[in-house]
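Values below: all heavy atoms of this structure, side chains included; hydrogens, waters and symmetry mates excluded. Fair warning: this is a prediction, and the values are worked out from it, not measured in the lab. Protein chains get the first letters and strands the later ones, always in sequence-line order, with residue 1 at the start of each.
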Protein chains: 2
Amino acid sequence: MTAAADRTFSISELAQEFDVTTRAIRFYESEGLLTPERQGQRRIYSRRDRVRLMLTLRGKRIGLSLLEIRELFELYDAANNDEPQLTKFVDILSRREQQLTQQMQDIQLVLREIGQLKAQCEHWMEKRSGGLPE
Amino acid sequence: MTAAADRTFSISELAQEFDVTTRAIRFYESEGLLTPERQGQRRIYSRRDRVRLMLTLRGKRIGLSLLEIRELFELYDAANNDEPQLTKFVDILSRREQQLTQQMQDIQLVLREIGQLKAQCEHWMEKRSGGLPE
DNA sequence: GTTCCAGTTTACGTTAACGTAATCTATGCT
DNA sequence: AGCATAGATTACGTTAACGTAAACTGGAAC
């Protein structure tokens, strides 16, 4: 293990790396998604915070709300401990699994349509480029 | 061709069929996604309107905004006519294709993680059920 | 010391996509 | 005629996820 394992990040470093505003990052904290340390009043982000930010953005990309993302974090953290939580956890996961599978099917459909449309367009354009002048 | 080809629908029929409120349907019209006829003041929806409603809902499921959906409708309608539009059309399609592909990858990642988590949970629960009593 | 600069707090503004009344209209039924 | 029912219009309310602006802080550079 090298010495770089405990690297920390400033808010603007993270903002740059993930292409979000500092405002957004602070907002995520206010919503309980990040919990950076403080050095005086400045926020210091650990690797864990960085990972959570990544996961947050990925969650957003697949259509989760910040609240849902937070719930998943909490459940994930609690999953080692509590027993009755486990059933609830699996429940939520299954539901989300369902939705995502549906979403993938929708996307595949649209992708197929897009492919066809693009092919048609290119076909038309070829015909035109060899067609009659004005 | 049978006589049923020109069937029309009332707003609540569509609302029921697709499980949306009439308010939403009227809103989609106000956003230019639907263009039902009128019989007096009542809206009469054609098969075309019904299809557009379907497409609208599908678009929403994959994360398109109503505005984007409308633009796609317009471009699709104009695609037969205009020539310089075609390039723009293909552009938009390609961009969306990109995003959707990325989205699918994200989803696949999450689905894999979900699968692993579920397996782990079930594993834990089995162990507990056969474990030491209170 | 002052001038940057990144960072902080506070607070009001904004957009999308409807929800939720409240009020009005048309029509078929009894 | 009277009533229920579906639909229409108008308008204000709501939520999520930040944007934007203003005013303050604390250290670094000159």
Side-chain angles (χ1 to χ4, degrees), chain A residues 7-46 49-50 52-74 92 96 99 103 106, chain B residues 7-46 49-50 52-74 92 96 99 103 106:
Chain A
R7 228 204 108 178
T8 64
F9 309 86
S10 76
I11 193 168
S12 47
E13 275 177 331
L14 290 185
Q16 266 211 303
E17 178 173 0
F18 294 106
D19 194 34
V20 293
T21 65
T22 59
R23 173 69 176 94
I25 295 181
R26 291 194 200 97
F27 182 71
Y28 297 155
E29 179 182 349
S30 79
E31 296 296 294
L33 295 169
L34 304 175
T35 50
E37 310 261 294
R38 295 294 181 120
Q39 197 170 91
Q41 85 174 341
R42 303 216 146 154
R43 292 167 170 85
I44 306 292
Y45 296 88
S46 66
D49 291 315
R50 186 166 161 275
R52 294 235 150 168
L53 180 53
M54 266 184 51
L55 293 176
T56 298
L57 297 176
R58 186 197 290 168
K60 286 200 52 174
R61 280 206 301 274
I62 63 170
L64 297 180
S65 72
L66 296 184
L67 180 60
E68 289 173 316
I69 294 170
R70 177 183 163 178
E71 281 174 7
L72 283 180
F73 282 171
E74 285 169 358
I92 294 193
R96 181 59 59 186
Q99 291 179 29
Q103 218 175 324
D106 288 339
Chain B
R7 229 206 109 178
T8 64
F9 308 86
S10 76
I11 192 168
S12 48
E13 274 176 330
L14 291 186
Q16 265 209 305
E17 179 174 0
F18 294 106
D19 194 33
V20 292
T21 65
T22 59
R23 173 70 176 96
I25 294 181
R26 290 195 199 96
F27 182 70
Y28 296 155
E29 179 181 348
S30 79
E31 296 296 295
L33 294 170
L34 304 174
T35 50
E37 311 260 293
R38 295 292 180 119
Q39 196 170 91
Q41 84 172 341
R42 301 215 148 153
R43 292 168 170 84
I44 306 293
Y45 295 89
S46 66
D49 291 315
R50 185 166 161 275
R52 294 235 150 168
L53 179 53
M54 265 184 49
L55 293 176
T56 299
L57 298 176
R58 187 197 289 168
K60 287 199 51 174
R61 280 206 300 274
I62 63 170
L64 296 180
S65 72
L66 296 184
L67 180 59
E68 289 172 317
I69 294 170
R70 177 182 163 179
E71 282 175 6
L72 283 180
F73 283 170
E74 285 169 358
I92 294 194
R96 178 61 59 185
Q99 291 179 28
Q103 218 175 326
D106 287 340

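- Taking side-chain N and O atoms only, B:Ser10 has no distance below 4.0 Å to OP1 or OP2 of D:dA6.
- The nearest whole Å value for the distance from the CG atom in A:Leu14 to the P atom in C:dA6 is 16 Å.
- In the helix from C:dG1-D:dC30 to C:dT30-D:dA1, the terminal helix axes, each the rotation mapping four pairs' C1' atoms onto the next four within five end pairs, subtend 10°, rounded to 10°.
- To the nearest 0.5 Å, the span separating CZ on A:Arg58 from CG on A:Leu64 amounts to 11.0 Å.
- Within the 4.5 Å cutoff, no side-chain heavy atoms of B:Arg52 are placed close to those of B:Leu33.
- Among the protein residues, A:Arg26 comes within range of the nucleic acid bases, having at least one heavy atom under 4.0 Å from a base atom.
- Taking atom CZ of residue B:Phe9 and atom C1' of nucleotide D:dA6, one finds them 18 Å apart after rounding to whole Å.
- Atom CD of B:Glu29 is separated from atom P of D:dG7 by 14 Å (rounded to the nearest Å).
- Distances shown here put a side-chain N or O of B:Ser12 below 4.0 Å from the OP1 or OP2 atom of D:dG7.
- Across the protein-nucleic acid pair, B:Gln16 atom CD and D:dA6 atom P stand 10 Å apart, rounded to whole Å.
- Across the protein-nucleic acid pair, B:Arg38 atom CZ and D:dA8 atom P stand 6 Å apart, rounded to whole Å.
- Here the side chains of B:Tyr28 and B:Ile69 are not in contact, with every heavy-atom distance at 4.5 Å or above.
- Contact check for A:Phe27 versus A:Leu66: side-chain heavy atoms found under the 4.5 Å cut-off.
- In this structure, A:Tyr45 and A:Leu53 have side chains that are not in contact, with every pair of non-hydrogen atoms separated by 4.5 Å or more.
- In A:Glu13, the CD atom is crowded: over 12 heavy atoms of neighbouring residues, nucleotides or ligands sit closer than 6.0 Å.
- Straight-line distance from the CD atom of A:Glu13 to the P atom of C:dC5: 18 Å, rounded to whole Å.
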In 5'-to-3' order, the base (B), backbone-only (S) or no-contact (-) status of each nucleotide in nucleotides 12-29 of chain C, using a 4.0 angstrom heavy-atom cut-off, is -----BBBB---------

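- Counting heavy atoms of neighbouring residues, nucleotides and ligands inside a 6.0 Å radius, atom CD of A:Glu37 does not exceed 12 of them.
- When all heavy atoms are compared, the tightest approach of B:Ile44 to B:Pro36 is O-CB, 3.4 Å.
- Atom-to-atom, CZ of A:Arg43 to C1' of D:dT25 comes out at 13 Å; the value is rounded to the nearest Å.
- Atoms OH (B:Tyr45) and C1' (D:dG7) sit 10 Å apart, rounded to a whole Å.
- The pair B:Glu29-B:Arg38 counts as a salt bridge, with a side-chain nitrogen and a carboxylate oxygen less than 4.0 angstrom apart.
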